[in-house]
Amino acid sequence: MLGHIAGRPAPSWDKVQAVVVLFMCYVALRKIPPQGPPPFQRLHHLLKKFTPWQILIGALTTLYTAHHADLLLGLTPAEPEKKMFSRRYTPGYTRGLWILSALDAGFFTSQNIRPKILRDIMSAVFSVYYLFFPKRADEKNNIMLKNITATHMRRSWEKMLHPVQITLQLSKEAGHYSDALVNVMLFFKGTEEELARQEAFILNIPGGGFVAMNPLCHADYLMAWAGQTGVPIVSIHYKKAPEYPFPHGLHECFDVYRLITSNNGACIGLSGSIEPRIALAADSAGGTFAASVMNMIIEQKSPALPRPVGVLLVYPCMHVGLDFWISNSDLAVIEEEISRGPIPSDTLKSRPGRGDGMTLHSMAAFMDDQVLGSSFLRALMVMYIGGDPTLDHKSNYLVSPIHTPDHILAQYPRTYIMSGEKDPLADDSIIFMAKLRRAKRAASVDLESDTLRIVTGVSHAFMQMTSIVPEMKDLIKVVGEELADMIKAPQTQETSWGEASTRSLQEDDHGAGLVQVDVHPQKIPNPRKVSPVVLKWEQETTRDALTIYEHRRVAYLDQLGIDTHDE
């Protein structure tokens with residue numbers, strides 16, 4: 001209140017107010033008689049027949065009742081967005097958010113405590129406190145997100161760090177963008193001799209909003225994938241914004257790819273005698289880098305670089321910007337792809353279209369998301385872009401891969417994208433996959449191995465919840481199986497039959513009037529063959545784009561008070 005009276009509400013004024021209140025309480029205890037003013041003296045006489053325990057419980061009950069009187073009397077205003085939020089996520093993901101919110105609030109609360117050992121102890125204590133008071137945790141996190149800094153993000157997101165690193169040397173003389181040391185982490189379940197015999201590896205670019213989280217923050221699922229696939233996983237600890245804004249981190253990831261492929265993986269422990277198969281795997285901001293690295297690999301002609309056999313992106317950020325509506329051009333691509341697929345049986349009353357909830361971008365539809373709220377996204381993107389006035393981030397497809405030209409998209413290898421249904425970045429995945437399929441279709445390239453999966457009832461960062469949300473472990477296994485299938489040794493190439501070309505219209509020797517044709521098979525370089533277990537999981541746990549927009553449309557119109565459900 002004092003800050004508002006002064007016209008400068010700020011934490012410093014809140015601190016002054018707290019000191020004033022404590023001082024007034026001290027004066028009241030020291031200067032006023034122990035029995036209190038006359039009205040309280042009569043109350044003191046009445047309370048003598050109660051024990052201290054009863055008085056304590058009665059006082060706390062009275063305070064709790066007074067604090068929630070509006071709820072008990074039904075005086076709270078209608079809040080349709082809260083009703084919508086309560087049914088937005090799955091129960092497991094909601095419990096995961098509760099735990100992560102408590103941990104974040106605990107770390108935020110203790111961030112100014114010195115020394116470090118005391119800060120770590122108190123952060124655990126505060127986290128336990130916030131588990132019992134989740135609303136206070138949300139309030140604390142919301143306050144911090146309004147004034148978020150890179151330091152706050154790193155302290156919150158890098159809770160699980162352990163210092164283990166492998167270092168690679170980049171050199172301008174070798175054609176790299178800088179002379180720098182880049183740390184990477186190698187995950188492999190096997191001996192050095194077994195590592196040397198490997199013919200494939202997965203290059204991982206971890207997410208972290210461009211500003212935080214090294215590979216060890218993702219160790220839970222990276223170790224699981226390494227054991228499941230049986231191939232080494234190399235995860236890059238690229239330098240982070242805001243100290244190193246675009247394009248520094250991207251160039252480091254691309255240079256690491258060039259360095260490893262230049263010696264056939266010898267620098268990471270492979271024999272170096274054969275060219276290894278490589279799959280790119282990334283999440284969140286790492287997905288931005290992975291797609292941009294793929295663009296750079298395709299564009300480099302002299303010398304040409306080995307192409308990855310597959311790209312796997314989990315809730316990627318493909319558009320660095322904040323949009324409220326889906327553009328007409330992007331909407332047309334989505335509608336075209338939706339029209340080509342079957343209409344699922346669980347769609348609601350009407351098809352989505354222009355002018356209703358389908359045009360509302362996921363960033364706007366879920367701008368109150370607990371993981372990637374709009375103010376948080378804005379801070380991340382400002383730090384990443386770095387304030388470069390010459391950068392056209394609305395068309396630069398190395399900043400925002402969603403703008404990648406068709407002639408590059410048509411050369412993409414097998415691509416798998418997974419995102420959360422309620423993720424503010426969900427439309428990035430949907431639009432990018434729609435453009436990818438359009439480009440490949442125009443170039444008569446195989447589409448069967450390109451897959452988009454939208455996980456029902458979750459938002460962002462669900463792979464960070466494997467230790468606290470049991471169902472996320474199944475999801476990690478599904479993605480791991482996709483990687484194993486993507487990186488597998490090539491077998492006999494399967495074919496899909498293209499258009500027949502007539503070589504001659506001459507009748508055969510028997511005069512049967514048959515037409516002789518040559519049918520040229522079109523090779524599928526990396527066909528997708530996943531297990532029935534994975535296919536069943538995808539059918540039960542994911543939705544397609546049409547269903548996503550139907551549910552978002554209904555939620556959007558519900559918020560406006562328009563009932564779209566049949567009676």
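Source: prediction; values computed, not measured. The figures here come from the full heavy-atom set of this structure, side chains too, leaving out hydrogens, waters and symmetry mates.
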query: Is it true that D406 and R438 make a salt bridge, defined as a side-chain N closer than 4.0 Å to a carboxylate O?
result: yes
field: Heavy-atom pair of closest approach, residues I298 and I408
entry: CD1-O, 3.6 Å
query: Any side-chain heavy atom of L186 within less than 4.5 Å of one from L195?
result: yes
- prompt: Can you list the steps and then say if F254 with L305 is a side-chain contact (heavy atoms from CB on, under 4.5 Å)?
  reply: CA-CA 11 Å; F254 179 63; L305 293 174; 3.6 Å; yes
task: Please lay out, stage by stage, how V314 and F462 fare under the test side-chain contact (heavy atoms from CB on, under 4.5 Å).
output: CA-CA 10 Å; V314 182; F462 47 74; 4.0 Å; yes
query: With distance as the sole test, does Y412 use its side chain to make a donor-acceptor pair with the main-chain N or O of A291 at under 3.5 Å?
result: yes
task: State, with a plain yes or no, whether a side-chain heavy atom of I417 is found less than 4.5 Å away from one of P316.
output: yes
query: Is a side-chain donor or acceptor of N183 paired with a backbone partner of H237 at a separation under 3.5 angstrom?
result: no
- request: Answer yes or no: is there a donor N or O on one side and an acceptor on the other, between the side chain of E173 and the main chain of D179, under 3.5 Å?
  value: no
query: Which atom pair, heavy atoms only, marks the closest approach of L270 to P232?
result: CD1-CG, 4.4 Å
- request: Assess the side chains of D423 and S459: does a donor N or O sit below 3.5 Å from an acceptor N or O?
  value: no
statement: Closest non-hydrogen atoms of S419 and A426, given as atom of the first, atom of the second and distance, are OG-CA, 3.6 Å
- request: Report yes if the side chains of H218 and W225 come closer than 4.5 Å at any heavy-atom pair, otherwise no.
  value: no
Scan the side chains in residues 187-194 for donor-acceptor partners under 3.5 Å anywhere in the protein, sequence neighbours excluded, and list what turns up.
| from | atom 1 | to | atom 2 | distance (Å) |
| --- | --- | --- | --- | --- |
| T191 | OG1 | E193 | OE1 | 3.4 |
| T191 | OG1 | E194 | N | 3.1 |
| E194 | OE1 | T191 | N | 2.8 |

- prompt: Which pair of non-hydrogen atoms, one from M381 and one from C317, has the smallest distance, and what is that distance?
  reply: CE-SG, 4.4 Å
field: L452 and its side chain to side chain contact (heavy atoms under 4.5 Å, CB included) partner, picked from T415, T542, I430, L313
entry: I430
field: Any side-chain donor near an acceptor of the partner, S284 and H460, under 3.5 Å
entry: yes
- request: Not counting sequence neighbours, which residues clear salt bridge (charged side-chain N to carboxylate O under 4.0 Å, His left out) with K239? List them please.
  value: E252
field: Approximate separation, where rounding is to 0.5 Å, of Q411 CD and K440 NZ
entry: 10.5 Å
- prompt: Is it true that the side chains of Y238 and D255 contain a donor and an acceptor less than 3.5 Å apart?
  reply: no
statement: Residues at least two apart in sequence or cross-chain that pass salt bridge (charged side-chain N to carboxylate O under 4.0 Å, His left out) with D485, listed by chain then number, are R414, K488
- prompt: Counting distance only, does the side-chain N/O of Q228 pair as donor-acceptor with the main-chain N or O of A484 below 3.5 Å?
  reply: no
message: With a 4.5 Å cut-off on side-chain heavy atoms, are L322 and H361 touching?
response: no
message: Tell me if a side-chain donor or acceptor on H176 pairs with a main-chain N or O of S171 at a distance below 3.5 Å.
response: yes
Student check: side-chain heavy atoms of I274 and Q198 closer than 4.5 Å: no
message: Check whether K422 reaches the backbone of F366 with its side chain - one donor and one acceptor, N or O, closer than 3.5 Å.
response: no
- prompt: Under the 3.5 angstrom rule, does the side chain of S400 hit a backbone N or O of Y397 as a donor-acceptor pair?
  reply: no
- prompt: Between S362 and D427, which heavy-atom pair has the shortest distance, and what is it?
  reply: N-OD2, 2.8 Å
statement: Residues passing the ring pair (Phe, Tyr, Trp, His ring centres under 6.0 Å) test with F246, sequence neighbours excluded, are Y384
- prompt: Does the pair Y177 and L170 meet the rule for a side-chain contact (heavy atoms from CB on, under 4.5 Å), with working shown?
  reply: CA-CA 8 Å; Y177 283 96; L170 303 180; over 6 Å; no
task: Taking atom types as modelled, find out whether Q370 and Y89 have a side-chain donor-acceptor pair closer than 3.5 angstrom.
output: no
- prompt: Is the closest side-chain donor-acceptor distance between Y221 and D283 under 3.5 Å?
  reply: yes
- request: Calculate, to the nearest 0.5 Å, the distance between atoms CG and CG belonging to L380 and L372 respectively.
  value: 7.0 Å
- request: Considering non-hydrogen atoms only, spot the tightest contact between I487 and A279 and give its length.
  value: CD1-N, 3.4 Å
D323: partners by side chain to side chain donor-acceptor pair (under 3.5 Å), with sequence neighbours left out: H319
message: Is any side-chain heavy atom of I468 closer than 4.5 Å to one of R95?
response: no
message: Quick check for you: to the nearest 0.5 Å, what is the distance between L398 atom CG and H403 atom NE2?
response: 11.5 Å
- line: Distance col, row I326:CD1 vs I431:CD1, nearest 0.5 angstrom, shows 5.0 Å
- request: Step by step, work out the side-chain contact (heavy atoms from CB on, under 4.5 Å) result for L259 and S262.
  value: CA-CA 5 Å; L259 176 62; S262 67; 4.3 Å; yes
task: May I ask you to decide if M472's main-chain N or O and T466's side chain share a donor-acceptor pair within less than 3.5 Å?
output: no
query: Rounded to the nearest 0.5 Å, how far apart are CE of M433 and CG of L409?
result: 10.5 Å
message: What I'd like to find out is whether the side chain of F289 reaches to under 4.5 Å of the side chain of I236, using heavy atoms alone.
response: no
- line: For H248, the ring pair (Phe, Tyr, Trp, His ring centres under 6.0 Å) test, sequence neighbours excluded, returns Y244
query: Is there side-chain contact between P413 and V311, with heavy atoms separated by less than 4.5 Å?
result: yes
statement: In this structure, CG of N214 is separated from NZ of K240 (nearest 0.5 Å) by 6.5 Å
- request: Return yes when atom NZ of K536 has more than 12 non-hydrogen atoms of other residues, nucleotides or ligands closer than 6.0 Å, and no otherwise.
  value: no
